[in-house]
Amino acid sequence: MAEIKSSRIEVSDGALVPDKDSHSLFSAWKISFFGAVAILIILPIVWPDPYRDILKFIPDGILKTFQVTILSIIFALIIGLFTGLGRISRITIINRIATIYVEVVRGIPLLVQLFYIYYALGKMVHLPRMTSAIFAMSFCYGAYLGEIFRAGLQAIPKGQMEAALALGLSRSQAIRKIILPQTFRIIMPPVGNEFIALLKDSSLVSILAVSDLLRRGREFASTSFQYFQTYTVVALVYLVITLFLSKLVAIMEERMQQHER
Amino acid sequence: MNDKPIIRIQNAVKTFGRDIHALKGVNLEIKSGEVVLIIGPSGSGKSTLLRSVNRLETLTSGNIWIDDDSVTDQNSDIRKIREEVGMVFQSFNLFKHLTALENITMAPLTVKKTSKKEAKEQARQLLDRVGLGDKEDAYPGQLSGGQQQRVAIARALAMNPRVILFDEPTSALDPEMIKEVLDVMLDLAKEGMTMLVVSHEMGFAKAAADRVIFMDDGNIVEEGTPEELFSHPKEDRTKTFLQHIL
Ligand SMILES: Nc1ncnc2c1ncn2[C@@H]1O[C@H](COP(=O)(O)OP(=O)(O)OP(=O)(O)O)[C@@H](O)[C@H]1O
Ligand SMILES: [Mg+2]
């Protein structure tokens, strides 16, 4: 029988993850990261006006961005855990609900979900902007993380559950004490990548007038008319943050691979 | 050895899907203190039979009892029964995120609600017993196959089971590690543990088995003492099989 070669290509939409050549002096990651940092330092020195003002104006926005991201990822992790468990549940109704949730969320653009939750649902229950934003982000990323949890749970060899059951543990004890701790470990890197993706997507909440990094930039630009300068800084700040975080994820991944051996 | 059967298997039938007949009506009784070896070709139903005893597989029809507790009755408390029946797997299945000691204390702590101190003490004794007293803090990934399997046996012993099921405990091991595991099993057999063992280790069979059972195609074809079965097999199928493995 002829062997069928799989020709799948994988391109992640995540930030630039440092790869094997990252230890060399001029890796792509190093050039991008230190380049961006250097520009952010040089600009206000060479042109104090307007860069100094811009750099004074946006830190509030960075804080807000992190606030939205961290709160959303926490809620998304909780939703994702139950969604992942639901997706592997043998109870049909639970399995169906979890699967429908994932399919629905993945089929609707995040921006549309934000509009829907804030404006459409806002007609019925009025939620503060920040709450709507975090709610929408968690709702959306809960589905993505649910798929990561599902994959993680399924990656644990069947023998682990069987050994636990054979010792007299109940199914739920086995999940809590044997399966989940191992799952958490293996999903750390992909969750880290989702965190970075969420941080980038959190810029969408600026359309709800949540004053995150992008919104602060827009406010500055629209009063000072320094569009080019402001958005250059905003883009560079996002870049530095995501590159820094993706380095952390890569280190985490490397550590885990060493631990495996 | 007393004469009361501890495991009773009555007309056990197991089908997977429509047309895989893994067990075709197996009858077997194991007495307390007996060491019974199951041999047979791949796919003959050995694992399925063993896994039915603690209901990792649910029989299609037939009955299994441990003492007077029915394993096959869906209403019986299977967890209580599993406490009495230890199991050792071919691939060890140690909990990868836990140390050797924690692997052993897991079930006593969670299922039996033993105190931490007591569970640890017992686990240390068990590790000594399997010759791994110095490995309590090692994770499974840091242990050799033979060492992992010995921890797995200690883990099963921690629940003070009345029976232990072994499913090819040495067939994933490098030759030089087989003996260290078999030695532990031999000790257990000498101490009077009831053991149902799927294995093709002739040395172990001759040294420890009271009975050897030959399975083929979902049935028990022949059984007898190791001497009877290995040296004077009656059935042709047994003879052919023994020629392959001896
Ligand atoms: N979960 C399952 N689903 C479908 N078929 C199965 C399953 N488990 C076992 N079987 C089939 O049942 C039959 C008996 O399998 P079993 O694992 O009990 O054999 P075995 O004697 O232990 O073989 P081996 O020596 O290879 O371990 C085989 O045909 C096998 O393919
Ligand atoms: Mg088998």
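Worth saying up front: this structure is predicted, and the values here are computed from it rather than measured. By convention in this document, chain letters (A, B, ...) are assigned in the order of the sequence lines, proteins followed by strands, and residues within each chain are numbered from 1.
Once rounded to the nearest 0.5 Å, the distance linking CD1 of A:I179 with NE2 of B:H97 reads 8.5 Å. Atom NZ of residue B:K96 and atom CD of residue A:Q182 lie 6.0 Å apart, to the nearest 0.5 angstrom. With rounding to the nearest 0.5 Å, the separation of OG1 in B:T110 from NZ in A:K177 is 5.0 Å. Note: B:N103 CG to A:L167 CG = 9.0 Å, rounded to the nearest 0.5 Å. Atom CZ of B:R55 and atom CG of A:L165 lie 11.0 Å apart (nearest 0.5 Å).
Chain A forms more heavy-atom pairs under 4.5 Å with one residue of B:M87, B:R155, B:M159 than with any other, namely B:R155. Your options are A:S170, A:P157, A:A164, and the one with the most heavy-atom pairs under 4.5 Å with chain B is A:S170.
For A:E162, the parts sitting under 4.5 Å from any heavy atom of chain B are the backbone and the side chain alike. Contact annotation for B:V88: neither backbone nor side-chain heavy atoms come within less than 4.5 Å of a heavy atom of chain A.
Chain B is approached within less than 4.5 Å, heavy atom to heavy atom, by no residue from residues 78-91 of chain A. Residues of residues 72-80 of chain B lying under 4.5 angstrom from chain A, judged on non-hydrogen atoms, are B:R79 by number.
Within a 6.0 Å radius of OH in A:Y144, more than 12 heavy atoms belonging to other residues, nucleotides or ligands are found. Annotation for B:F16: atom CZ counts as buried by contact number, over 12 foreign heavy atoms lying within 6.0 Å.
Scanning both residues, B:F95 and A:Q160, for their nearest heavy atoms gives CA-OE1, 3.4 Å.
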